[in-house]
Amino acid sequence: MEVDKNNFEEYLPKIEESISKADFVAIDTEFTGLNLNDETKNSLFDTIEERYNKHRRSVHQFTISQIGISAFVKENERYVAHSYNMYLFPASFGPVDVRFMVQASSYEFQRRYDFDFNKYVYSGISFMNEEQEKQVKTFIKRKEITAGVERDVDENLVQDVCSEVAEWYSRAAVGDSHTVLKNDGTRKLKYNYVFENEIKNRYGDVWTSTGNDRNIVVTKITHEEKVERENKQKADSSELFNSLIGFRRVFLALVKHQKPLIGHNMLLDLLLIFDKFHKPLPAHYKDFQEEIHRIFPLIIDTKSIATHLIKKKLDLRFNSTLGGLYHVFRSAAGQNFVIHSPVIAHGEDFTIYSNETYLPHEAGYDAYMCGYCFLRMCHILTFSDVKSTEVVPCTFSRYLNEIKPFHNKINMIRASINSLDLSGSSKEPQRPLVFVQSKTASFQLSAYKLAKEFSKFGTVDIKLQSKSRALVATGNIYCARDLVKFYKNDKRMSIHHYSKWRHSPYSKPALWTGVILSGGLCLWALWSSKKNNT
């Protein structure tokens, strides 16, 4: 189901109901950029804190352009997917006027998959985080919007409207009404708020209202009636306020119900969702980890599950990309790899992705594919080592119990560890490192040349220590082993498995410092002993 700002209020109750009834919710986001600059690119040397800070810098500058939510509800032994695809565009109001960057390659990628940029800009649902929401709420309560220097409306039109009201007011009787500004379909709700406040501030005994057609109607009332209406009116103008915070209301529903949250390779999705709908990302990873785990106690990354299944060397062949997984699990072989695999269907009002539709990189569709693959992999993990005669239809709670090793384990792309644990400390081993040293003065090491030469062995990143020394992070132990073996007799350079004590540029100075200090202490002790004896 496609949702935009024009039908968001209509579908919001349905979205909230889908979330409340769901066994789990799958999510996906599309965004305006990936890397802020070369310094924020992923590296196999990255620690968790380093990677977090890289992403944090990028996330602050980019924004979400589309989000997908697919709520999987179990009905009569079937999992029924309620999938929503939503374009988002940040709100601007009063003190909140978001600046964000666009990376050309990201837009080129979205264009390749028929992303509707017009719908994104013209019909995107607004959103804010908690900090921005507080700023807007304070701004509305103080009625600062009526200060001309703060507002971005046509002041000539404001004067024209007020002149029209003045002329009508002079001859109107109590109870008379007059439509002063008809909506042409382009004027935003927040501009109506400007006009209404201006009219009420200029003319004492009038009341303004906006109907479903968004036309502004002025009514002449008594002073007592105006006081009564103002006392009843909510200070924060809830309709305007809700339209501004927009998608944050869906986010708050997700937080409220705390359903298992499923994504694929979802670290960036989580960081963006946190920053754009919850709070600005904190300075340190530990603070983010604690807060994201508090609001979403159970998060599961299907990339981590898929990587594990590949290592099991099942007869079912697939790669760990979302599209690759879905293609295999949608096939007859994938659906019947283990009998009694769960039946998955689209909801009655959610047929946009039925009939073999394939819309990769549309957020709603990717969220659906993610949830679909999640259920298939849960079933395989639960019963792959069980005799077929013992396989039975399974409850979702059993699936969750069987995949406990993957709870809150988020895949890390090209980093020093494979995944991070949002519920505790991440203790996976570091990527294998090899040490490279040139054998002759004429052969100087270059990061670019080494990366190009070593890439045939696997994924590598290079960190030069000098023109003759380099540290190489490898994607796995096999890549490291093959490099050491292949260059064993190379005349240009020597390659060894990295040892901190042997190869660190600081280890030898530290060792000699220790030797000198220890030797000095021994000599001082001998001298003191000899002096005392004499």
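Residue indices begin at 1 and follow the sequence shown.
A parallel orientation is assigned to the rings of Tyr368 and Phe72, their planes being inclined by less than 30° (bins at 30° and 60°). In this pair, Tyr326 and Tyr358 present their aromatic rings parallel. The plane angle is below 30°, not in the 30 to 60° band. By the 30° and 60° cut-offs, the orientation of the rings of Tyr399 relative to Phe396 is perpendicular.
Annotation for Ile410 and Ser304: closest pair C-OG, 4.2 Å, computed over non-hydrogen atoms. Taking all atoms of both residues into account, the shortest heavy-atom contact from Arg249 to Ser243 is NH1-N, 4.4 Å. The shortest heavy-atom contact between His346 and Tyr353 is NE2-O, 3.2 Å. Taking all atoms of both residues into account, the shortest heavy-atom contact from His257 to Ser20 is CE1-CB, 3.4 Å.
Aromatic rings from Phe117 and Phe115 are positioned such that their centres are separated by under 6.0 Å. Taking the six-membered ring for Trp and the full ring otherwise, the centers of His284 and Phe288 sit at least 6.0 Å from each other.
Between Phe89 and Ser65, the closest side-chain pair of non-hydrogen atoms is not below 4.5 Å. Side-chain contact between Met369 and Leu359 is absent, with no heavy atoms from C-beta onward closer than 4.5 Å. Put simply, the side chain of Phe241 reaches to within 4.5 Å of the side chain of Lys137, judged on heavy atoms.
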Stepwise ring-ring contact (aromatic ring centres under 6.0 Å, His included) check, Phe337 with Phe329: CA-CA 9 Å; Phe337 184 73; Phe329 290 129; 8.6 Å; no

I would like to know whether Glu50 and Thr47 meet side chain to side chain contact (heavy atoms under 4.5 Å, CB included); could you show each step before the answer? CA-CA 5 Å; Glu50 288 169 341; Thr47 63; 3.2 Å; yes

Pair Asn85, Val3 - check side chain to side chain contact (heavy atoms under 4.5 Å, CB included), show working. CA-CA 6 Å; Asn85 185 61; Val3 183; over 6 Å; no

Please evaluate residues Glu39 and Lys54 with respect to the criterion side chain to side chain contact (heavy atoms under 4.5 Å, CB included), reporting the C-alpha separation (whole Å), side-chain torsions for both, the decisive distance (0.1 Å), and the verdict. CA-CA 8 Å; Glu39 293 178 359; Lys54 284 183 176 182; over 6 Å; no

Hey, mind stepping through Leu309 and Ile380 against side chain to side chain contact (heavy atoms under 4.5 Å, CB included) and telling me if it holds? CA-CA 9 Å; Leu309 285 177; Ile380 290 172; 4.1 Å; yes

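The line from CD1 of Ile64 to CD1 of Ile125 is 12.0 Å long, rounded to the nearest 0.5 Å. With rounding to the nearest 0.5 angstrom, the CG atom of Asp287 is 13.0 Å from the CD1 atom of Ile292. Between the CE atom of Met377 and the CD1 atom of Ile403 there is a distance of 9.0 Å, given to the nearest 0.5 Å. Separation of atoms CG (Leu88) and CD (Glu30) is listed at 11.0 Å; rounding is to 0.5 Å. One finds the CE atom of Met266 at 5.5 Å from the CD1 atom of Ile299 (value rounded to the nearest 0.5 Å). We find the CG-CD distance between Leu422 and Glu290 to be 11.5 Å, quoted to the nearest 0.5 Å.
The pair Asp301-Lys409 does not meet the salt-bridge criterion, since no charged nitrogen lies less than 4.0 angstrom from a carboxylate oxygen. Residues Asp275 and Arg56 are not paired through a salt bridge, judged by the lack of any N-O separation under 4.0 Å between the basic side chain and the carboxylate. Salt bridge annotation for Arg414-Asp46: absent, with no cationic side-chain nitrogen under 4.0 angstrom from a carboxylate oxygen. By the 4.0 Å N-to-carboxylate-O rule, Lys21 lies too far from Glu16 to be salt-bridged with it. Remark: Arg112 does not engage Glu108 in a salt bridge, criterion side-chain N to carboxylate O under 4.0 Å.
Contacts of Glu75 classified as side chain to side chain contact (heavy atoms under 4.5 Å, CB included), with partners at least two apart in sequence or in another chain: Val73, Val80, His82. Taking Asn265 as the reference, Asn411 meet the side-chain hydrogen bond (donor to acceptor under 3.5 Å, both in side chains) condition, with sequence neighbours excluded. Looking at residues two or more places apart in sequence or on another chain, you find no side-chain hydrogen bond (donor to acceptor under 3.5 Å, both in side chains) involving Asn129. Under the salt bridge (Lys or Arg N to Asp or Glu O under 4.0 Å) criterion, Glu291 pairs with Lys279, Arg294, sequence neighbours left out. Applying the side-chain hydrogen bond (donor to acceptor under 3.5 Å, both in side chains) criterion to Lys463, with sequence neighbours excluded, gives no partner residue. For Lys119, the salt bridge (Lys or Arg N to Asp or Glu O under 4.0 Å) partners two or more places apart in sequence, or in a different chain, are Glu2. Residues passing the side-chain hydrogen bond (donor to acceptor under 3.5 Å, both in side chains) test with Arg78: none are found, sequence neighbours excluded. Here Asp4 pairs with Asn6, Asn7, Ser123 under the side chain to side chain contact (heavy atoms under 4.5 Å, CB included) rule; sequence neighbours left out. Evaluation of the salt bridge (Lys or Arg N to Asp or Glu O under 4.0 Å) rule for Asp38 yields Lys41 as partners, not counting sequence neighbours. Not a single side chain to side chain contact (heavy atoms under 4.5 Å, CB included) links His327 to another residue, sequence neighbours left out. For Asp97, there are no salt bridge (Lys or Arg N to Asp or Glu O under 4.0 Å) partners, not counting sequence neighbours.
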Going by atom type alone, with no hydrogens or angles, which donor-acceptor pairs under 3.5 Å involve a side-chain atom of residues 22-29 and a protein atom two or more places apart or on another chain?
{"residue": "Asp23", "atom": "OD1", "partner": "Lys74", "partner atom": "N", "Å": "3.1"}
{"residue": "Thr29", "atom": "OG1", "partner": "Asp269", "partner atom": "OD1", "Å": "2.4"}

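Side chains of Asn418 and Arg431: a donor on one and an acceptor on the other come within 3.5 Å. Side chains of Thr302 and His264: a donor on one and an acceptor on the other come within 3.5 Å. Between the side chains of Glu402 and Thr382, no donor N or O sits under 3.5 Å from an acceptor N or O.
At most 12 heavy atoms of other shown residues, nucleotides or ligands fall within 6.0 angstrom of atom OH in Tyr122.
Under a 3.5 Å cut-off, the side chain of Gln61 and the backbone N or O of Met101 do not form any donor-acceptor pair. No donor-acceptor distance shorter than 3.5 angstrom exists from the side chain of Gln103 to the backbone of Phe31, with no hydrogens or angles considered. Of the possible donor and acceptor atoms, none in the side chain of Asn401 sits under 3.5 Å from a partner among the backbone N and O of Ser397. Within the 3.5 Å criterion, the main-chain N or O of Ile413 finds a donor-acceptor partner in the side chain of Arg51. No donor-acceptor pair under 3.5 Å is formed between the side chain of Thr351 and the backbone N or O of Ser354.
Remark: Arg111 is not positioned above the aromatic ring of Phe109, lacking an NZ or CZ atom under 6.0 angstrom from the ring centre and at most 45 degrees off the axis.
Screening Phe350, Tyr11, Phe8 for a ring-ring contact (aromatic ring centres under 6.0 Å, His included) with Tyr84, the sole residue that qualifies is Phe350.
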